[in-house]
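Below you'll find the structure, written out as structure tokens, and then a few comments.
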Amino acid sequence: MLKIEKLQKAYGKFIAVKSVSFEVPSGKLGILLGPNGAGKSSIIKCIAGLLRYDGDIEIHGKPSKSLEAKKVFAYVPEIPAMFEALTVAEHLEYIRRAYKSDITDQEVEELLKRFELDDKKDKLGSELSKGMMQKVSICCALAVKPKVILFDEPMVGLDPKAIKTLKATMMELKAEGVTLLVSTHMLDMVREIWDVMFIMEQGNIVAEYNRDDVKDQDIDDIFFQVTEGE
């Protein structure tokens, strides 16, 4: 479970996030939507622990700043960052040791194969394309075996096959009871897999939807009705 209560983030006198509260239950995929400047990036970075904030964030029932929460939390940023002098395999090993993950060598191999990185595992971070770096970032997050995982525009830069693989992986994570939050502009990519939707404008959550309640209503129609009054 991911629970946000009265989250507020200010940059000087400008309040980017205005006492926002929402929750994504275990085994559900939440999507965070909104136009540029709505406050999505600030929320994402607060959850990931990259910004100071006011309010409370709980990850799997623990305060987000606690070691217990950090052990079960993974984050896939919009712009992947790699260690230039480490190979793909060494990135996975680094994560395994840092998080003391119980992921096995066989599971690591299967993960690399699933994202078509098994033949790239000896390549250095500096030798990878943006798409390859994104796939490594996803694999590193999955290697944590998280209970809560945060994706920020995860499908940007991925080829169609990798997008299909990632969506299938997200569905598997949901089935395993993992909580997912995805911030994205690519509505088509989450059309079949979302469970709860949070739409932001000017630092506020202005609408919240449960997939079961909207039935067959198109996700695009919902978003533009809220943001543009169509």
Side-chain angles (χ1 to χ4, degrees), residues 2 32 40-53 57 59-60 62 64-170 172-173 176 178-186 189:
L2 174 64
L32 189 61
K40 302 188 307 299
S41 294
S42 293
I43 288 180
I44 293 295
K45 290 176 181 177
C46 288
I47 296 171
L50 302 177
L51 293 176
R52 294 180 179 177
Y53 59 86
I57 300 175
I59 294 173
H60 203 54
K62 303 292 183 181
S64 64
K65 296 177 182 178
S66 68
L67 184 59
E68 292 87 352
K70 293 180 185 298
K71 285 180 179 179
V72 296
F73 174 77
Y75 170 49
V76 179
E78 179 179 3
I79 301 174
M82 306 273 301
F83 295 107
E84 294 186 356
L86 291 187
T87 66
V88 170
E90 287 170 341
H91 276 85
L92 270 294
E93 183 61 24
Y94 172 79
I95 291 296
R96 175 158 61 179
R97 295 189 186 191
Y99 282 84
K100 297 181 179 177
S101 172
D102 62 2
I103 190 170
T104 65
D105 290 341
Q106 181 179 347
E107 287 173 324
V108 169
E109 289 295 326
E110 290 172 352
L111 196 54
L112 291 172
K113 186 175 182 179
R114 164 172 276 209
F115 284 92
E116 297 186 321
L117 291 170
D118 49 324
D119 61 341
K120 305 288 192 305
K121 60 184 179 182
D122 294 324
K123 281 191 172 292
L124 297 173
S126 60
E127 299 175 323
L128 301 177
S129 66
K130 183 181 184 301
M132 289 292 179
M133 291 172 66
Q134 185 74 341
K135 291 197 284 187
V136 174
S137 182
I138 292 168
C139 288
C140 285
L142 296 175
V144 174
K145 291 193 171 182
K147 298 295 184 183
V148 177
I149 185 165
L150 175 61
F151 293 94
D152 189 7
E153 295 290 356
M155 298 169 190
V156 174
L158 294 182
D159 58 70
K161 186 173 181 180
I163 290 174
K164 182 179 180 181
T165 299
L166 178 56
K167 289 166 70 173
T169 301
M170 288 178 171
E172 291 173 11
L173 291 170
E176 294 167 4
V178 176
T179 303
L180 303 92
L181 179 64
V182 180
S183 175
T184 183
H185 291 91
M186 303 172 71
M189 302 305 175

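Side chains are part of it too, since the values below use all heavy atoms of this structure and drop only hydrogens, waters and symmetry mates.
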For [X], salt bridge (charged side-chain N to carboxylate O under 4.0 Å, His left out) partners two or more places apart:
X      : result
Arg97  : Glu93
Lys71  : none
Asp105 : Arg96
Lys121 : Glu109

Hey, does the side chain of Ser137 reach the backbone of Met133 with a donor-acceptor pair shorter than 3.5 angstrom?
-> no
Over all atoms of both residues, closest heavy-atom pair of [X] and [Y]:
X      : Y      : value
Val178 : Leu180 : O-CD1, 3.5 Å
Met82  : Gly125 : CE-CA, 4.0 Å
Leu158 : Lys135 : CD2-CG, 3.7 Å
Leu124 : Leu128 : O-CG, 3.5 Å
Lys120 : Val88  : O-CG2, 3.3 Å
Leu166 : Pro154 : CD2-CB, 3.9 Å

State plainly whether the residues Arg114 and Glu172 are in salt-bridge range, i.e. N to O under 4.0 Å.
-> yes
For Met189, what residues pass the side chain to side chain contact (heavy atoms under 4.5 Å, CB included) criterion, not counting sequence neighbours?
-> Met155, Ile163, Met186
Rounded to the nearest 0.5 Å, the CG atom of Leu32 sits from the OG atom of Ser41 at a distance of 9.0 Å
Approximate separation, where rounding is to 0.5 Å, of Tyr75 OH and Lys45 NZ = 7.0 Å
side-chain hydrogen bond (donor to acceptor under 3.5 Å, both in side chains) pairs touching residues 149-164, sequence neighbours excluded, are Glu116-Lys161, Glu153-Thr184, Glu153-His185
Given the options Val108, Val144, Ile103, Ile95 meets side chain to side chain contact (heavy atoms under 4.5 Å, CB included) only with Val144
I'd like to check the side chain to side chain donor-acceptor pair (under 3.5 Å) partners of [X]; sequence neighbours left out, ordered by chain and number.
X      : answer
Glu110 : Gln106
Ser64  : Tyr53
Ser129 : none
Glu84  : none

Provide the full list of salt bridge (Lys or Arg N to Asp or Glu O under 4.0 Å) pairs with a residue in residues 123-134, sequence neighbours left out, each pair given once.
-> none
Quick one: which residue pairs count as a ring pair (Phe, Tyr, Trp, His ring centres under 6.0 Å) with a foot in residues 93-139, not counting sequence neighbours?
-> Phe83-Tyr94
Less than 4.5 Å apart, any side-chain heavy atom of Phe73 and any of Leu2?
-> no
